[in-house]
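What follows is a set of notes on a single structure, which appears directly below.
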There are 2 protein chains.
Amino acid sequence: MSSEQLASHGHTTAAQVRKDLSHFGSFGKRGLGYSIEELSVRLRAILGLDRVWQVVLVGAGRIGSALFEYPDFKMRGYDCVAIFDSDPEKIGVQWGTTTIHSSERLEAVIEQLDVDLVILAVPASVAQEIADRAVEAGVRGILNFAPVQIKVPDSIPVEDVNLVMQLEALSFKITRGGAGE
Amino acid sequence: MSSEQLASHGHTTAAQVRKDLSHFGSFGKRGLGYSIEELSVRLRAILGLDRVWQVVLVGAGRIGSALFEYPDFKMRGYDCVAIFDSDPEKIGVQWGTTTIHSSERLEAVIEQLDVDLVILAVPASVAQEIADRAVEAGVRGILNFAPVQIKVPDSIPVEDVNLVMQLEALSFKITRGGAGE
DNA sequence: CGCGGCTTGTGAAAATCTTCGCAAATGTAG
DNA sequence: CTACATTTGCGAAGATTTTCACAAGCCGCG
């Protein structure tokens, strides 16, 4: 497949595809293009997707539940090894084969299972505290659903999921007049 | 509040804040900084957040449910005026004061209520079809949770929510070594 | 093997974004 | 009213990203 074809699938140009890929090495064959199979394998390795990541979910509310059920996670190599919640009603409940633990045990589990990522699906008011404890316990990245800007050391990447902001981005694009992006 | 202070809240610099704001006009007072109150009002107007947006939710599964319950939506001016699902079991069920309709009625409702935005919380396999119908019916923007790249006219903005990709971004940042961003 | 149609990889040019630096405002204190 | 300590708005300089353009490599064919 040529860079031209690849570009048409993403939202970009042939030159951009080639530049981006050349950043990590030389994957194509001149006159032929790129082998999807080889690209897939090499990019997976570069992106760190060629292994299983240990994830814990904090917050067993609606968002947590929706996430946990989302089949793509397991399929893409994200293994949810534990769930935490502070509600005594929920503690001990099983979701599939995973049991909901008390938030108090967060540090212990992160350390014991060498957890990589925390998914924060808790109210804004406790997000920072949980984040601090998770980082302290050695977690290496955070996916944050709470609508607050959490502060962590620079060495710990955080990805924010902010649905209101995405709706607002839509509103702006519409207001500004037409054009998508 | 000075641009310096504003910058420290976001993830940016004083110069950047001033440039960005100057793009839309001249909001500050020299020697004093910016009035939070005035900034808030003026930016809301620019972003199109000073009105209520009519939203419909398509897909009453777990994600749809989590979204619908999310209190911030209503508070931020996004009014979910209808829910659709193709599952006959769900049709007619009430969520709060909103009833779940058959997907067949999508076009009728969009046209009748002059709906602005569609939230697509359906399986990937039907996302494109629903999007096409919504656009045809006159919707003006799409928030897409389905893990596919949907194609719409350039004049219709689409925001994708792709949680797997955000997890993968985290994985990459960790793999690449340390630094957040 | 040599030729011709393709496509990559990559410097160099063009465009865009960010930072710098400072004149012009603004308020305060004396 | 004047001197002074601030802070904006903005042109210009610097940095980064994107696009262009083309030599070099690859394949198939005769």
Side-chain angles (χ1 to χ4, degrees), chain A residues 1-47 149 151 154-155 157-160 162 165-166 168-170 172-173 175-181, chain B residues 1-47 149 151 154-155 157-160 162 165-166 168-170 172-173 175-181:
Chain A
M1 183 176 277
S2 70
S3 53
E4 196 79 52
Q5 289 170 283
L6 287 170
S8 76
H9 282 261
H11 228 265
T12 181
T13 65
Q16 193 66 64
V17 168
R18 295 207 298 278
K19 257 288 188 268
D20 288 354
L21 291 178
S22 78
H23 216 274
F24 293 112
S26 187
F27 305 127
K29 277 198 171 51
R30 302 185 179 207
L32 275 188
Y34 300 87
S35 149
I36 298 296
E37 175 59 21
E38 191 196 337
L39 252 198
S40 169
V41 169
R42 309 242 345 228
L43 288 182
R44 252 172 223 295
I46 290 165
L47 295 172
Q149 182 76 0
K151 289 200 183 65
D154 278 354
S155 58
V158 176
E159 282 283 318
D160 289 300
N162 192 325
M165 264 197 198
Q166 291 201 267
E168 291 179 348
L170 275 182
F172 173 54
K173 288 177 186 171
T175 302
R176 195 190 46 187
E181 112 197 61
Chain B
M1 184 174 278
S2 69
S3 55
E4 196 78 54
Q5 289 171 283
L6 287 170
S8 75
H9 282 260
H11 229 263
T12 182
T13 65
Q16 191 66 63
V17 168
R18 294 207 298 278
K19 244 321 173 237
D20 288 355
L21 291 178
S22 78
H23 217 276
F24 293 112
S26 188
F27 305 129
K29 277 201 172 48
R30 302 184 180 206
L32 274 189
Y34 300 86
S35 148
I36 298 295
E37 177 59 20
E38 192 196 336
L39 253 198
S40 169
V41 170
R42 312 248 337 233
L43 289 182
R44 254 173 223 294
I46 290 164
L47 295 172
Q149 182 76 1
K151 287 199 183 66
D154 278 354
S155 59
V158 176
E159 283 282 319
D160 289 300
N162 191 324
M165 265 197 198
Q166 291 201 268
E168 291 178 348
L170 276 181
F172 173 54
K173 288 178 186 170
T175 302
R176 194 191 46 186
E181 117 196 54

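Predicted model, so just to flag it, every value in this text is computed and none were measured. In what follows, chains are A, B, ... by sequence order, proteins preceding strands, each numbered from 1.
- Every residue meeting the side chain to side chain contact (heavy atoms under 4.5 Å, CB included) condition with B/Phe24, not counting sequence neighbours, appears here in chain and number order: A/Phe172, B/Phe27, B/Ile46.
- Of all the heavy atoms in A/Ser155 and A/Pro157, the pair that sits closest is O-CD, 3.4 Å.
- With a 6.0 Å radius and a threshold of 12 heavy atoms from other residues, nucleotides or ligands, B/Gln149 has its CD atom above the threshold.
- The side chain to side chain donor-acceptor pair (under 3.5 Å) contacts involving residues 27-38 of chain B comprise B/Glu38-B/Arg42, where partners must be two or more places apart or lie in separate chains.
- Legend: residues meeting side chain to side chain donor-acceptor pair (under 3.5 Å) with A/Gln5, ordered by chain and number and at least two apart, are A/Ser2.
- Rounded to 10°, the helix from C/dC1-D/dG30 to C/dG30-D/dC1 has 0° between the axis fitted to its first five pairs and the one fitted to its last five.
- Residues satisfying the side chain to side chain contact (heavy atoms under 4.5 Å, CB included) criterion with B/Ser40, sequence neighbours excluded, are B/Arg44.
- Pairs passing the salt bridge (charged side-chain N to carboxylate O under 4.0 Å, His left out) check and including a residue from residues 11-26 of chain A, sequence neighbours excluded, do not occur.
- With sequence neighbours left out, the side chain to side chain donor-acceptor pair (under 3.5 Å) criterion links A/Glu159 to B/Gln166, B/Lys173.
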Are there any protein N/O atoms within less than 3.5 Å of an N/O atom in nucleotides 4-6 of chain D, and if so, which ones and at what distance?
none

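- Taking every heavy atom of residues 12-26 of chain B and every atom of DNA chain D, pairs under 4.0 Å involve B/Arg18, B/Lys19, B/Ser26, by number.
- The environment of B/Met165 atom CE is sparse: at most 12 non-hydrogen atoms of other residues, nucleotides or ligands sit within 6.0 angstrom.
- Scored by the side chain to side chain contact (heavy atoms under 4.5 Å, CB included) test, A/Ala7 finds A/Thr12, A/Val17 as partners (sequence neighbours excluded).
- Of all heavy-atom pairs between B/Leu47 and A/Thr175, the closest is O-OG1, 4.0 Å.
- First and last contacts of DNA chain C with chain A, using any nucleotide atom under 4.0 Å from a protein heavy atom and ordered 5' to 3', fall at C/dC6 to C/dA12.
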